[in-house]
Amino acid sequence: MTENTPKAARASKKLELAEAVSRYLPDEVESLAIGGMHMHNNPMALIREAVRQKKRIKRLITSPAACINADLLIGAGLVEEIVTSYVGFEHLGLAPAFRRFAQEGKLKVYEIDELTLILGLKAASNGQPFAALSPVLAFSDVSKFSPEFYRPITNPFNGQPAFACPPIKPQIAFIAVQQGDEFGNGILKGAPFIDREMLFAAETVLLQVEQLAPSEQITRNPLQVTVPGMKVSAVVEARFGCHPTSCHRVYHYDEEHLKLYLQMAATNEGFEEYLQKYIIGYSEEEYLKRTQSRTL
Amino acid sequence: MTENTPKAARASKKLELAEAVSRYLPDEVESLAIGGMHMHNNPMALIREAVRQKKRIKRLITSPAACINADLLIGAGLVEEIVTSYVGFEHLGLAPAFRRFAQEGKLKVYEIDELTLILGLKAASNGQPFAALSPVLAFSDVSKFSPEFYRPITNPFNGQPAFACPPIKPQIAFIAVQQGDEFGNGILKGAPFIDREMLFAAETVLLQVEQLAPSEQITRNPLQVTVPGMKVSAVVEARFGCHPTSCHRVYHYDEEHLKLYLQMAATNEGFEEYLQKYIIGYSEEEYLKRTQSRTL
Amino acid sequence: MQIRLETIGRPRKGYSILELMACVLSRTLKDGTTVGTGAGSAVARAACRLAQLTHAPNLNYLAGGSGAVNPLLDPLVDSSCDYTNYICESVVTMSDVIGSIPSGTTDLFFCGGLQIDRYGNVNLSVIGDYNKPRLRGPGSAALPLMAGARHFIIFMTDHSPRSFVEKVDFRTAPGFLEGGESWRLAKAQGLIGGEGPLLVISPLAVLDFEEESKTMRLLSVHPGKTVEEVVAATGFSLMVPEHVPETIPPSPEELQFLRSFDTDGILS
Amino acid sequence: MQIRLETIGRPRKGYSILELMACVLSRTLKDGTTVGTGAGSAVARAACRLAQLTHAPNLNYLAGGSGAVNPLLDPLVDSSCDYTNYICESVVTMSDVIGSIPSGTTDLFFCGGLQIDRYGNVNLSVIGDYNKPRLRGPGSAALPLMAGARHFIIFMTDHSPRSFVEKVDFRTAPGFLEGGESWRLAKAQGLIGGEGPLLVISPLAVLDFEEESKTMRLLSVHPGKTVEEVVAATGFSLMVPEHVPETIPPSPEELQFLRSFDTDGILS
């Protein structure tokens, strides 16, 4: 293929973290989807930067199981409403900011089941008018309390009741991958969770890459490159960018730090202290130094 | 994990080709889904065996692009109706038996677009009452001529028209993979096409494996084992079992033989001659010997 | 990170309550079936793996949203989505896992809750008013789909009048609705695919549901617990048969298998 | 298998009609857009790759149902699902590819047909009666979704009164329906997401659609062909502007790039 060299160079999508967030996120984000599940593969560098830049989010859309990714944005007072199936810290406990804001009526929660969330995203990326849902959902209170996502319809084939969920089409999605190139091609080395569903449904995708590598290297086995560059608007390199959550096959979650967060975020004051101690005014490099130092 | 050895042995799902087809296919199959796309990864060994055993198929369900997999069953007079988006030989020409049977009114064709086919399969595996389809399909005649798959409905969110496709739930699916173990765990080394959608929608899956290997070897990198054994009823080893179609990363399609088939299958007599010369009364081993000998 | 030095070399005398629960659950799992587990379900995963190692070599199980099929639990870890779960046989998508509930292709699911009522309805969402709750729980996960699940087992980490309540504040997972009559009506209308909750396990007891009325019934009390304790810890009137046996404790063999993969002592 | 010994060392004088078509199509593709190709679309794939190598380095393209993104065409092959297409950048699912048509996330699709009419409606299904056709074609593929595609280009391998017809026997891909009025009505109702067919290319000519009436219009005739030939080969009254230029032939550079990856001479 030596004679087969393009005449013009391709544009790189690589940006600095702050630049990517400030360029692609309006100050009032209509809807933001955040990838990862539980304490794994959360795009935390992007999320911390959104906190630093105080981007307000009208609607936060999570994967079927959100964790500190959602909790941090909520605690920072940036989120008006959330579409989710679950926000928690799995075996470590409940999500403190989510809990506090919801209990104080300061966060509108659209609680929907995991399948509806996935099918809503798929309806967006497949250009479907809505996702048809099983009538069994009538027996759960989610269909009563989040009626926007469970519109009663009739199954035309048997006359039985069913539900319709509108397409869930995030304005922006934050996704973290282990490896990627400057054109936005990404490799999910571990679990894909529903990151692909999110990025195909979203209008604009910001890709956080643990390790940026030359494109020839990333695309050597294209079958494992399941995040296609064409869906990605900006690529940000962020080593340990999923911290304190895990980055599958690269590092484990930092249970100690997650527990510290849970403790501090239990009150408004503690949460504010957490932000001041680790995030606001600090670069990602400084964040990592500070969180790894046990003597601060 | 040495102390962690199961008390009882797991049952193998490995069967001889003839045994698998005779045990799992009734003489009148309600619906059969066949994997692969175009002249690639077609589960031909299973299909030839269904022809040998003269299994009648009420409804044949293909991937978005069927080839000789569908044409052979149709030419053998075994298929009553077909649900498909495309039956052809891509750059090599039209599908001769499909064409002849349809033109003579001996085959009911439910022609549907590719997305509807995929969404119908997904509706089955996701337990959805139906798949909601875009109103743009009203402008294509497929929605008029296959009304069973395009039931007019109203989008409850905006009052616009839309369509509903019923779940497509095959009774049996034939799927070919490059590598697998005796428990039905399979690795799609090349394109997955819509083989996974089919096998998740089907009640019973027969897995044709190019190369059977010990389970420890197959499951060494579980992330590439995307055909889970739990969905598979029987595993059949069939070397060159996709011939004359390709088996991605193992062998190319046999263009010479496909052209020979196209020529012979152009008439009823020629098709019958093809069956007698290569399939009926011959084992798969004999089939391969005969097709590879250019002097028969 | 997450190295549990304190558990290495811990004494292995007796058994913990989580080990007992894992053994009891394991025994209910049938060979050849497919079982789904969810978030924070180390006990459920342990039960599945234990069943595979003992009486159910052909059982298949899914580790929650990870999509991992038949993790070897090498070793057992807390998080359902931990990469360790990918030491397994195959991997399916999240949508494959969740879709298999309403499609009825997974035979049994495990689920947990903050509250459960006498008919097996489960609440994992809110306590108090939905829009300004006294306690905001994590949320529904896959629980609303349980009316489509063929069977499900409810795992309660607390057994007190706060968690075993007369009526759940929010019905996340539908159990037998308002009891036998309402259940049979919904079944007759063809709207419910599944068979309802099969079993409830708590730190005190094993319970199921009486066939006709679908009210919760005491099946066995764990060793060291009494019927009276269970009744007092239950916020509704529990159906108590005349003879309530003791829950069969883990056998030495069960414990040996369990600890062969729970080397970090997650269940201890 | 499929070794084309006869093409090795073939003379490379002039250019073939397929090479011309690939060059013309390539020039229509805009940098930074995403393009979808379908079954048996070696020319469309070649056009996309050529565009990447010349004026559109940031163009992305999909090789049909293979889900392969940006195949290097190393070398160009006939089948859209050939494994050779996986010498590429990334791989998406079939559903990702097809879903991107009605969702409007792919900017342009290529499609072909057995018949096309004056308003750009395309038939790939049947000629004659649907239930007992004179000719049973391969079938719809993704063509019915074209009313949702942002743009599409129609590639015709035959240009004769049999293929360019007054009215298609079966409307597989909707073009501008029954012309400008019907099109504007459907657009006004919000039922059509796309902008309709952009261009038609045949072995004789390049054509587009007049803005108001949406009837097919001759844009250029290929070198060596005449306006009269094109008109005679068209089964409906074609809109012919006063001055019809000649299709610009492949430049030496275009041919050099094209043949750098078409080493098997698929387009020769």
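All chains are named by letter (A, B, ...) in the order of the sequence lines, taking the proteins before the strands, and each is independently numbered beginning at 1.
- With respect to chain D, the highest number of heavy-atom pairs below 4.5 Å among B:Phe139, B:Tyr86, B:Phe101 belongs to B:Phe139.
- Taking all atoms of both residues into account, the shortest heavy-atom contact from D:Gly190 to B:Gln160 is O-NE2, 3.5 Å.
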Evaluate the criterion side-chain contact (heavy atoms from CB on, under 4.5 Å) for residue pair D:Ile266 and B:His91; output intermediate values, then yes/no.
CA-CA 11 Å; D:Ile266 301 287; B:His91 56 289; over 6 Å; no

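- Chain B forms the most heavy-atom pairs under 4.5 Å with one residue out of D:Thr84, D:Leu143, D:Ile192, and that residue is D:Ile192.
- Residues D:Tyr130 and B:Val109 form a side-chain contact, since some pair of their non-hydrogen atoms from C-beta on lies under 4.5 Å apart.
- Side-chain atoms of D:Ile98 and B:Pro64, non-hydrogen and from C-beta on, never get closer than 4.5 Å to each other.
- B:Phe145 places none of its side-chain heavy atoms less than 4.5 Å from the side chain of D:Val126.
- With a 4.5 Å cut-off on non-hydrogen atoms, B:Ser146 touches chain D through its side chain but not through its backbone.
- Taking OG1 of D:Thr93 as the reference point, atom CZ of B:Arg196 lies at 10.5 Å (rounded to 0.5 Å).
- Within the 4.5 Å cutoff, side-chain heavy atoms of B:Leu137 are placed close to those of D:Pro144.
- Most heavy-atom pairs under 4.5 Å with chain D, from the set B:Ser140, B:Ser246, B:Ala102: that is B:Ser140.
- Interface remark: D:Thr157 contributes no atoms to any contact with chain B (heavy atom separation under 4.5 Å).
- The side chain to side chain contact (heavy atoms under 4.5 Å, CB included) test with B:His40 singles out one residue from D:Cys81, D:Ser66, D:Ser80, and that residue is D:Cys81.
- No more than 12 heavy atoms of other residues, nucleotides or ligands lie within 6.0 Å of NZ in B:Lys259, so this atom counts as exposed by the packing criterion.
- Contacts of D:Thr172 with chain B are made by both backbone and side-chain atoms, with heavy-atom separations under 4.5 Å.
- B:Met37 approaches D:Gly65 most closely through the heavy-atom pair CE-CA, 3.5 Å.
- Taking 4.5 Å as the limit, some side-chain heavy atom of B:Leu94 sits within range of a side-chain heavy atom of D:Leu135.
- Using a 4.5 Å cut-off between heavy atoms, B:Ile112 touches chain D through its backbone atoms (N, CA, C, O) alone.
- Residue contact with chain B, scored on non-hydrogen atoms closer than 4.5 Å, involves the backbone and the side chain of D:Leu191 alike.
- Atom-to-atom distance recorded for B:Glu104:CD and D:Lys132:NZ is 8.0 Å, nearest 0.5 angstrom.
- The contact between D:Pro133 and chain B is made by backbone and side chain atoms together, counting heavy-atom distances below 4.5 Å.
- For B:Lys106, no part sits under 4.5 Å from any heavy atom of chain D, backbone or side chain.
- Using a 4.5 Å cut-off between heavy atoms, B:Ala65 makes no contact with chain D at all.
- Both the backbone and the side chain of D:Ser125 come within contact range of chain B, with heavy atoms under 4.5 Å apart.
- Ranked by heavy-atom pairs under 4.5 Å with chain D, the first of B:Ile118, B:Leu92, B:Leu119 is B:Ile118.
- Taking OG of D:Ser95 as the start and CG of B:Leu115 as the end, the distance is 6.5 Å to the nearest 0.5 Å.
- Residues B:Glu114 and D:Met94 meet the side-chain proximity criterion, which asks for heavy atoms closer than 4.5 Å.
- Note on B:Glu111 versus D:Arg136: salt bridge recorded, some NZ/NE/NH1/NH2 to OD/OE distance being below 4.0 Å.
- In terms of heavy-atom pairs under 4.5 angstrom with chain B, the leader among D:Pro174, D:Ser140, D:Ala147 is D:Ser140.
- Contact check for B:Glu90 versus D:Asp78: no side-chain heavy atoms found under the 4.5 Å cut-off.
- Looking at heavy atoms from C-beta onward, D:Tyr86 lies in side-chain contact with B:His248 at the 4.5 angstrom threshold.
- A donor atom on one side chain and an acceptor atom on the other are found under 3.5 Å apart for D:Asp82 and B:His252.
- Heavy-atom neighbours of B:Glu148 CD from other residues, nucleotides or ligands within 6.0 Å: above the threshold of 12.
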